Amino acid sequence: LCTLLEEIFSRGEKVLVFTSYRKMFSLLSRDLPSRFDVRVFEIDGSTEPKLRQSVVDEFSALEQPSVLVLNPTAAGTGLNITAACNVIHYNLEWNPAKEDQATARAYRRGQDKPVMVYRLFYAGTVEESIKERMDLKREMAGKAIVGTDGDKADREAIIRALSLSPVRSQEQ
C-alpha cells in the first residue's frame, strides 16, 4: 500500500482506499499524515449519511494529494468522487458487485482522467481464495449476461468453483 501511495503522491494525485476494517481506518488515519504529509479523510458506517457528501466535497476541494478512506458498504453507492483517479481496494470483498460499486465512485460524470484500480491481497492466504472466487463470479456473470455455449469446460469450471474451499485446499 505504501509503495502505491508513494507513487500516486509523487504524481500529485488523490486516492480512494476502500477497507472494511475499523482498525485499518484507525491505522491509516494515524500513519499516513506523518508518513506522507497528506490529509486523510474518512467515510465509514459511523459517518452520518447527511455528512458524507460534505466529506467528499472537502476532499475534492483540497488542491494537493490526499487520501479518502472509505468503507465499501457505507460509501459504495451514491457518492461522486471524481477528484481521485486512483482506487485501492485494501481488502477484497466476497461480493464483486460491492467492490465494483465502490470503484464506480471514481468513474462518474466529470471524471476527465484515466482511473487506476488496484486490488491488494496476500498470495497463498484466504485473500487469494477470495480473489479467485471474485474473478470466477465476474466471469460467470459476464457469461450469463452475454450468453455461453454451455460447453463441457464451462460446466466443469462452474462445478469446480462451487466446490472450492480454503479448508479443503489445506487438507490436500
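Start at 1 with the first residue, then count along the sequence. If you're wondering where the values come from, they're calculated on a predicted model, not measured in any experiment.
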Quiz item: Is any side-chain heavy atom of Glu99 less than 4.5 Å from a side-chain heavy atom of Arg119?
Solution: yes
Self-check item: Hydrophobic cluster identity match, Val55 and Val40, side-chain contacts under 4.5 Å
Solution: no
Self-check item: same_hphob_cluster(Val17, Tyr118) at 4.5 Å side-chain heavy-atom cutoff
Solution: yes
Side-chain atoms of residues 30-37: list all donor-acceptor pairs with protein atoms under 3.5 Å, sequence neighbours left out, distances to 0.1 Å.
residue	atom	partner	partner atom	Å
Arg30	NH1	Ser26	OG	2.8
Asp31	OD1	Arg35	NH2	3.3
Asp31	OD2	Arg35	NE	2.7
Asp31	OD2	Arg35	NH2	3.3
Ser34	OG	Asp31	O	3.0

Exercise. Please lay out, stage by stage, how Lys98 and Thr73 fare under the test side-chain contact (heavy atoms from CB on, under 4.5 Å).
Key: CA-CA 7 Å; Lys98 182 187 277 190; Thr73 302; 2.9 Å; yes
Quiz item: Does any non-hydrogen side-chain atom of Phe41 lie less than 4.5 Å from one of Val69?
Solution: no
Quiz prompt | Sub-4.5 Å side-chain heavy-atom contact between Leu68 and Lys14 | solution = no
Quiz item: With a 4.5 Å limit on heavy-atom distance, are the side chains of Leu51 and Ile43 in contact?
Solution: no
Quiz prompt | Pairwise distance OH(Tyr90) to CG(Leu70) - rounded to 0.5 angstrom | solution = 15.5 Å
Quiz prompt | Non-hydrogen atoms of Ala102 and Phe18 that approach each other most closely | solution = O-CZ, 3.3 Å
Quiz item: Is any side-chain heavy atom of Leu79 less than 4.5 Å from a side-chain heavy atom of Gln53?
Solution: yes
Self-check item: For Val67 against Phe59, the heavy-atom pair lying closest together
Solution: C-CE1, 3.7 Å
Exercise. Decide side-chain contact (heavy atoms from CB on, under 4.5 Å) for Ile88 and Met116; before the verdict, give the C-alpha distance in whole Å, the side-chain angles of both, and the deciding distance to 0.1 Å.
Key: CA-CA 8 Å; Ile88 298 174; Met116 297 299 297; over 6 Å; no
Quiz item: Could you give all pairs that pass the salt bridge (Lys or Arg N to Asp or Glu O under 4.0 Å) test and reach residues 48-60, with sequence neighbours left out?
Solution: Arg39-Glu58, Glu48-Lys50
Self-check item: Linked, directly or transitively: Leu27 and Leu1 (ILVMFWY side chains, under 4.5 Å)
Solution: yes
Quiz item: Do Asn71 and Thr19 come within less than 4.5 Å of each other through their side chains, counting heavy atoms only?
Solution: no
Quiz prompt | Shortest non-hydrogen contact from Leu120 toward Leu92 | solution = O-CG, 3.8 Å
Quiz item: With a 4.5 Å limit on heavy-atom distance, are the side chains of Tyr21 and Asn91 in contact?
Solution: yes
Exercise. Take Val115 and Thr103, measure what side-chain contact (heavy atoms from CB on, under 4.5 Å) needs, and give me the verdict at the end.
Key: CA-CA 9 Å; Val115 176; Thr103 298; 5.5 Å; no
Exercise. Answer yes or no: is there a side-chain heavy-atom contact under 4.5 Å between Leu16 and Asn86?
Key: no
Quiz prompt | Intermediate values then yes/no, side-chain contact (heavy atoms from CB on, under 4.5 Å), Val15 and Val87 | solution = CA-CA 6 Å; Val15 61; Val87 176; over 6 Å; no
Practice problem: Consider only side-chain heavy atoms of I, L, V, M, F, W and Y, link residues closer than 4.5 Å, and tell whether Leu4 and Phe9 are in one cluster. | Solution: yes
